[in-house]
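To find a chain, count down the sequence lines: A is the first, B the second, and so on, and within it residues start at 1.
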Amino acid sequence: MTETGHDLAPGLRYFPDYFDRPAQEALVAAIRQVVADAPLYVPRMPKTGKAMSVRMTNCGALGWVTDKDNGYRYQSTHPETGRPWPAIPETLLALWDAVSGFAKPPEACLVNFYDPEAKMGLHQDRDETDFAAPVVSVSLGDQCLFRIGGTSRSDPTRSFRLSSGDVFAFGGESRLIFHGVDRIYPGTSTLLRNPGRINLTLRRVNP
DNA sequence: CAGTGCCT
DNA sequence: ACGA
């Protein structure tokens, strides 16, 4: 495992190619099982009801969801099936143990599927009740242009071209940084059957 | 403002 | 930069 910490803000950690190809394939198989149980759906913005460009699902005790009427929140059931979210795959729990430095396990794993046109605007992950634990993020499939700023929206930003198997963690002073995905580079990975990218985000929600 | 749509 |  390699960690590139240099030139990154305190609390930000980047592990390029954390997962090798066989591990990525195993992770994709596990995520396919999650999606078979908890289908991808289109999340909607609070108040406007505007569709986001990514499709989402979750695994874990809690999942991050958003809709027009109730906005951003965590809940224990899939918004369309009403069923509890499936368990977080073991590989991801092991990743959390290796990288988070946090004793308690993650409660939520948000699964975001980006097709080639999908984007995610700059935002903070701030719907958790406790920010002591880091957010741990895994990239699978096509490369993307990932942008990170600071804790204020107006802070300057830097961009990274993330590849399949890369892991990013934001903790400490960087737990609440703004971050987003500006573009997907279709055809840059053979991991998935279809062009696009999967992002997995592990979070601790409650203290 | 987890958005869009300009602009350079 | 916007207007929700």
- Flag yes if Leu200(A) and Val34(A) sit in one hydrophobic cluster, no otherwise; membership is Ile, Leu, Val, Met, Phe, Trp, Tyr, and two members link when side-chain heavy atoms are under 4.5 Å apart. no
- Query: Of all residues at least two apart in sequence or in a different chain, which pass the side-chain hydrogen bond (donor to acceptor under 3.5 Å, both in side chains) check with Gln75(A)?
  - Reply: Arg73(A)
- Identified stems (criterion: three or more consecutive Watson-Crick or G-U pairs, under 3.5 Å), DNA chain B: none
- Item | Spacing between Asp182(A) atom CG and dA2(B) atom P, to the nearest angstrom | 14 Å
- Query: What do you reckon, are the aromatic ring centroids of Phe15(A) and Phe168(A) less than 6.0 Å apart?
  - Reply: no
- Task: Using a cut-off of strictly less than 4.0 Å between a heavy atom of the residue and any atom of DNA chain B, enumerate the qualifying residues of residues 166-181 of chain A by number.
- Result: none
- Task: To the nearest Å, give me how far apart NZ (Lys50(A)) and P (dA2(B)) are.
- Result: 15 Å
- Query: Rounded to the nearest Å, what distance is computed from the CZ atom of residue Arg197(A) to the P atom of nucleotide dA2(B)?
  - Reply: 17 Å
- Task: Can you tell me the distance, in whole Å, between the CZ atom of Arg147(A) and the P atom of dA2(B)?
- Result: 13 Å
- Query: Arg153(A) has an atom CZ; how far is it from atom P of dA1(C), in whole Å?
  - Reply: 13 Å
- Query: Under a 4.0 Å heavy-atom cut-off, which of residues 64-81 of chain A touch DNA chain B?
  - Reply: Trp64(A), Tyr72(A)
- Query: With a 4.0 Å cut-off on heavy atoms, is Asn199(A) in touch with a base, just the backbone sugar-phosphate, or nothing at all?
  - Reply: nothing
- Query: With a distance cut-off below 6.0 Å to the six-membered ring centre and an angular limit of 45° from the axis, does Arg161(A) pair with Phe146(A) as a cation-pi contact?
  - Reply: no
- Task: Could you list the residues that satisfy salt bridge (Lys or Arg N to Asp or Glu O under 4.0 Å) with Arg183(A), not counting sequence neighbours?
- Result: none
- Task: Could you give me the CA-CA distance, side-chain angles and deciding distance for Thr190(A) and Arg21(A), then say whether side chain to side chain contact (heavy atoms under 4.5 Å, CB included) is met?
- Result: CA-CA 10 Å; Thr190(A) 57; Arg21(A) 175 70 186 221; 3.0 Å; yes
- Task: Answer with yes or no after comparing the ring centroid distance for His179(A) and Phe170(A) against a 6.0 Å cut-off, counting only values under it.
- Result: yes
- Message: Checking one residue: Val42(A). Which other hydrophobic residues are in its cluster under the side-chain 4.5 Å linking rule?
- Response: none
- Item | Pair Ser159(A)-Asp182(A), side chain to side chain donor-acceptor pair (under 3.5 Å): steps then yes or no | CA-CA 9 Å; Ser159(A) 292; Asp182(A) 285 340; 4.5 Å; no
- Task: Provide, to the nearest angstrom, the distance between the NZ atom belonging to Lys47(A) and the P atom belonging to dT4(B).
- Result: 17 Å
- Task: Provide, to the nearest angstrom, the distance between the CE atom belonging to Met120(A) and the P atom belonging to dA2(B).
- Result: 9 Å
- Query: Whole-Å distance between dA2(B) P and Met56(A) CE?
  - Reply: 11 Å
- Message: Return the CD1 to CG distance between Ile198(A) and Leu27(A), rounded to the nearest 0.5 Å.
- Response: 8.5 Å
- Step by step, work out the side chain to side chain donor-acceptor pair (under 3.5 Å) result for Tyr74(A) and Asp127(A). CA-CA 8 Å; Tyr74(A) 282 92; Asp127(A) 300 308; 6.0 Å; no
